[in-house]
Amino acid sequence: MNAWPNILSFGLLCTATGGVLGLLTFSRNRKNDIKNDATESAIIKTKLDNIGQFVDSIRIDFKASDQRWTALSETVIRIDESTKQAHKRIDKIEYKGEI
């Protein structure tokens with residue numbers, strides 16, 4: 001009957017060792033998970049920054065295009081007014097019978 005205390009203490013020692021190894025493994029995996037999460041967060045942040053810069057670039061290009069369209073529209077309006085005035089002058093000349 002003296003073997004039972006030795007077997008019991010050996011069992012407790014194995015259980016405690018297993019618990020310690022489990023905690024160490026958990027701690028190690030947790031550190032790896034934190035590193036992986038940080039790496040993924042950095043990659044995502046970098047990609048979002050790149051997308052933000054691309055959107056800013058598109059916005060600048062759009063403003064430049066809008067300014068060109070506005071200038072072109074103003075030019076077309078001036079040409080249209082000039083054409084109308086020219087037609088009025090031509091109509092006056094035709095009405096007078098000079099042509």
Side-chain angles (χ1 to χ4, degrees):
M1 297 252 172
N2 289 337
W4 282 107
N6 289 336
I7 293 173
L8 185 60
S9 63
F10 181 71
L12 289 174
L13 179 66
C14 287
T15 303
T17 303
V20 169
L21 288 175
L23 287 173
L24 290 174
T25 303
F26 173 76
S27 175
R28 180 176 172 220
N29 287 339
R30 187 170 147 215
K31 288 179 185 176
N32 287 337
D33 289 344
I34 290 171
K35 286 179 186 177
N36 290 339
D37 289 346
T39 301
E40 288 177 13
S41 294
I43 290 170
I44 290 171
K45 186 176 185 317
T46 302
K47 287 182 179 183
L48 285 175
D49 288 343
N50 289 340
I51 291 171
Q53 290 172 354
F54 185 68
V55 168
D56 289 342
S57 173
I58 290 173
R59 190 175 292 138
I60 290 168
D61 289 345
F62 181 75
K63 284 181 182 179
S65 293
D66 187 45
Q67 290 173 351
R68 285 191 299 261
W69 277 105
T70 301
L72 183 62
S73 174
E74 291 171 357
T75 302
V76 169
I77 290 171
R78 283 195 306 268
I79 290 171
D80 188 44
E81 290 172 351
S82 177
T83 303
K84 285 179 185 178
Q85 290 174 359
H87 279 289
K88 286 180 184 178
R89 288 192 300 267
I90 291 170
D91 288 343
K92 283 182 184 179
I93 291 172
E94 286 179 349
Y95 181 73
K96 288 182 180 179
E98 294 179 11
I99 294 183

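Arg68 meets the side-chain hydrogen bond (donor to acceptor under 3.5 Å, both in side chains) test with Ser65; sequence neighbours excluded. Partners of Asn50 according to the side-chain contact (heavy atoms from CB on, under 4.5 Å) rule, which considers only residues two or more places apart in sequence or in another chain, are Thr46, Gln53. Not a single side-chain hydrogen bond (donor to acceptor under 3.5 Å, both in side chains) links Thr83 to another residue, sequence neighbours left out. Residues forming a side-chain contact (heavy atoms from CB on, under 4.5 Å) with Ile77 (at least two apart in sequence, or on another chain): Ser73, Glu81. With sequence neighbours left out, Ser82 forms a side-chain contact (heavy atoms from CB on, under 4.5 Å) with no residue at all. Judged as a side-chain contact (heavy atoms from CB on, under 4.5 Å), and not counting sequence neighbours, Val76 has no contacts. By the side-chain hydrogen bond (donor to acceptor under 3.5 Å, both in side chains) test, Arg59 is found to be paired with Asp56, residues two or more places apart in sequence or in another chain being considered.
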Determine, stepwise, if the pair Lys63 / Ile60 fulfils side chain to side chain contact (heavy atoms under 4.5 Å, CB included).
CA-CA 5 Å; Lys63 284 181 182 179; Ile60 290 168; 5.8 Å; no
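When hydrophobic side chains of Ile, Leu, Val, Met, Phe, Trp and Tyr are connected at separations under 4.5 Å, Ile79 ends up as a singleton with no cluster partners. Counting side-chain heavy-atom gaps under 4.5 Å among Ile, Leu, Val, Met, Phe, Trp and Tyr, Phe10 is found in no cluster with other residues.
The distance from atom CG of Asp91 to atom NZ of Lys88, rounded to the nearest 0.5 Å, is 9.5 Å.
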Hey, can you pull the donor-acceptor pairs under 3.5 Å for the side chains in residues 35-45, sequence neighbours left out?
from	atom 1	to	atom 2	distance (Å)
Asn36	ND2	Asn32	O	3.3
Thr39	OG1	Lys35	O	2.9
Ser41	OG	Asp37	O	2.9

Only pairs under 3.5 Å count here: list side-chain donor-acceptor contacts from residues 17-24, not counting sequence neighbours, and write none if there are none.
from	atom 1	to	atom 2	distance (Å)
Thr17	OG1	Leu13	O	2.8

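Applying the salt bridge (Lys or Arg N to Asp or Glu O under 4.0 Å) test to residues at least two apart or on different chains, none of the pairs has a partner in residues 15-33.
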